[in-house]
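Order of the sequence lines fixes the chain letters, A, B, ..., with proteins taken first and strands second; residue numbering starts at 1 for each chain. Just so you know, these numbers use all the heavy atoms, side chains as well, and skip hydrogens, waters and symmetry mates. Keep in mind the model is a prediction, meaning the values are calculated, not measured.
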2 protein chains.
Amino acid sequence: MAKLTIKDVARHAGVQPSTVSRAINNHPDINADTKARILQSIRDLGYIPDRAAKNFRTRKMRSISLLLPMTGSDFYNRLINSIDETLEDYDYDAGIFPLLSERRLSRYQDPSALPYHTDGLVFASLNPSHLYESLFTIQGLPAVVLDIITPDFDNVTVNNELGGHLAGKHLQERPAQTFVINVEERFHTPFASGVFAERLKGFRAAQQEAGLDFPDSQVFTSEFTLDSARDAARKVLDLREGNINVFTTCDFFAYGLLEEVKLAGLTLGEEVRVVGFDDEKQAQSLGLTTLRQPVEEMGRMVTRLLMDRIQDPELPIRSVQFKPELQVRRTT
Amino acid sequence: MAKLTIKDVARHAGVQPSTVSRAINNHPDINADTKARILQSIRDLGYIPDRAAKNFRTRKMRSISLLLPMTGSDFYNRLINSIDETLEDYDYDAGIFPLLSERRLSRYQDPSALPYHTDGLVFASLNPSHLYESLFTIQGLPAVVLDIITPDFDNVTVNNELGGHLAGKHLQERPAQTFVINVEERFHTPFASGVFAERLKGFRAAQQEAGLDFPDSQVFTSEFTLDSARDAARKVLDLREGNINVFTTCDFFAYGLLEEVKLAGLTLGEEVRVVGFDDEKQAQSLGLTTLRQPVEEMGRMVTRLLMDRIQDPELPIRSVQFKPELQVRRTT
DNA sequence: CTGAAAGCGCTAACAC
DNA sequence: GTGTTAGCGCTTTCAG
């Protein structure tokens, strides 16, 4: 059986191809009966429109690409779901491109790579200006950046500095020896979004405003493995002289700390107070005080900005910032 | 500036469009000098081939879709990297489609959805026959299934039953009260790959062969959260009368168990012996005895089978099975 | 409201 | 080794 085309449908329904096209695409100028007859023919024959032909002809892919450093975290899962949901209103699909390996990174330097075969791009926690050897790669494709403020693209962020500040103020309610567990940020890599540095900056500012000393020696760093988080936690606990306050710049690091606190037989919320950042699903069940980012709203906003820009590329650049909210739970 | 086409390049290089096409596509019938001149023109002008037009014309997308239940686990990350790497030999790209939400699941019932706008499909831990209301959705698109043996598609599996058997035999070396922590498999869902049931089956067989009693009451179930894994672990430890052996049908469940064992002050490898399954990255640092799946080889094989089938859809269905290998570490 | 016809950018016969 | 030409399947003017 040869491939069914719009011509076959037209013949079957006794109309011209252009009329079939109008029926498929919900064009207003079509008689309801004709339309019904055509749709019936389509069902009878089992016709499926050729997406490649349509994309080619209309110069629209009806899809966008989401580029992100990794997948599987609570944050990115929620983000993906929110973007998906919003795209449904536009009848668009999303392709997901986690930059898992060096290979992908270099392969995606090529303007004809898969991710750019699309109507627009979302960069999550990724700075296009650092990601690409040349922005020529993305050929002026509409793009929105999440997590990073940039003058070149629409962007959506959460006020991380404010979040760090809120964490600082909250922990100050119970004065104690104070520590931070932060990610070790390697700058000048595509993955240096700067969000963690901002959180720390806000926290530092809060300490300073309160006239509290906060030396670098009380900041420890961790990688994104539970082992590493626990290492950092142990270093903190080793320096403990009495009650302590700890700000972890993401929830994940707090998980390691909570384990170590339990193991050391210390009381959470008393001897050790902890504030995380992100409000991941686990944070709730662990009773972790943390800063909530409105991920769903952010996903919606990112999608809207992108779809707006796809419609009108000449729009002025927009920058939207959300506020994090402190979720007080048992660890403080 | 209007969009540059192959015609503009042809004019600039003083040749015909077809010659430019030959230059771009490494056609053998072309003079080396002409080719060099054309490629120079392409660089001079900044021409980028129109992928949509090419796809349309050649009826090839030069990309495949990878459908999988989720992302972010060590297993799937390694799988993706291995597939990516193998695809490079074919100059193909991979799109990743984690079935994170119900919305995606229903959206992807539509044959014109994004994932099917591609030359072939890989189903990882997903059974197409259960996934779709009708296989009409994928329109006879070349497909390979990973993790599930099916008569309808090429498939690549690891012998999970053998793995369970090996785990059983290994634990029998030190006779003790024996438990299993398994996933709660909801059958008749798209996500019921059956791999865990097979692992348990092999384990059971090993017990039976050794004439050991192994009642259902010694099998506990867990979900894919650390909390749930720890719950299951506590149930096991509560029933402990002396030394115990535990088989967790995936490494993840073992992580929870290891935590609880430590908390209970028990000695791993002595009072509590544990065998996991998957050999995730963490298993190594935790010293977990486990069954290693050759993920990279599996990814390579899946890709090769798919590319073969894309080249020749009439190929007979092939089924390839790999053997898991026991990695003995400190927990036994 | 429907039909006729042109053409998107590219590739692949077939000439030469 | 290069040119000529037709056409992939669809949408979109423009007529009527």
Q: Kindly indicate whether the side chain of A/T71, heavy atoms from C-beta on, has any atom under 4.5 Å from the side chain of B/P98.
A: no
Q. A/N55 near the nucleic acid: base, sugar-phosphate alone, or nothing, with a heavy-atom cut-off under 4.0 Å?
A. nothing
(Q) Give me the atom names and distance for the closest heavy-atom approach of A/V144 to A/V302. (A) CG2-O, 3.9 Å
**Q.** Closest contact, heavy atoms only, A/Q109 versus A/L131
**A.** NE2-O, 3.0 Å
(Q) Angle between ring planes, B/H117 versus A/H117, binned at 30° and 60°: parallel, tilted or perpendicular? (A) parallel
Q.
Protein within reach of the bases, or only the backbone? For nucleotides 2-9 of chain D, mark each nucleotide 5' to 3' as B, S or -, using heavy atoms under 4.0 Å.
A. BBB-BBBB
Q | Span of DNA chain C, from the first to the last nucleotide whose atoms fall under 4.0 Å of chain B heavy atoms | A | C/dG9 to C/dA13
Q. Do the ring planes of A/Y108 and A/F97 sit parallel (below 30°), tilted (30 to 60°) or perpendicular (above 60°)?
A. perpendicular
Q. Would A/D8 and A/K3 satisfy salt bridge (charged side-chain N to carboxylate O under 4.0 Å, His left out), going step by step from the backbone distance to the final call?
A. CA-CA 9 Å; A/D8 300 307; A/K3 189 186 193 318; over 6 Å; no
Q. Which heavy atom in B/S125 sits nearest to a heavy atom in B/I148, and how many Å separate them?
A. C-CD1, 4.0 Å
Q | Residue from B/L79, B/N155, B/L126, B/T157 passing side-chain contact (heavy atoms from CB on, under 4.5 Å) with B/L146 | A | B/L79
Q) CE of A/M61 versus C1' of D/dC10: gap in Å, rounded? A) 14 Å
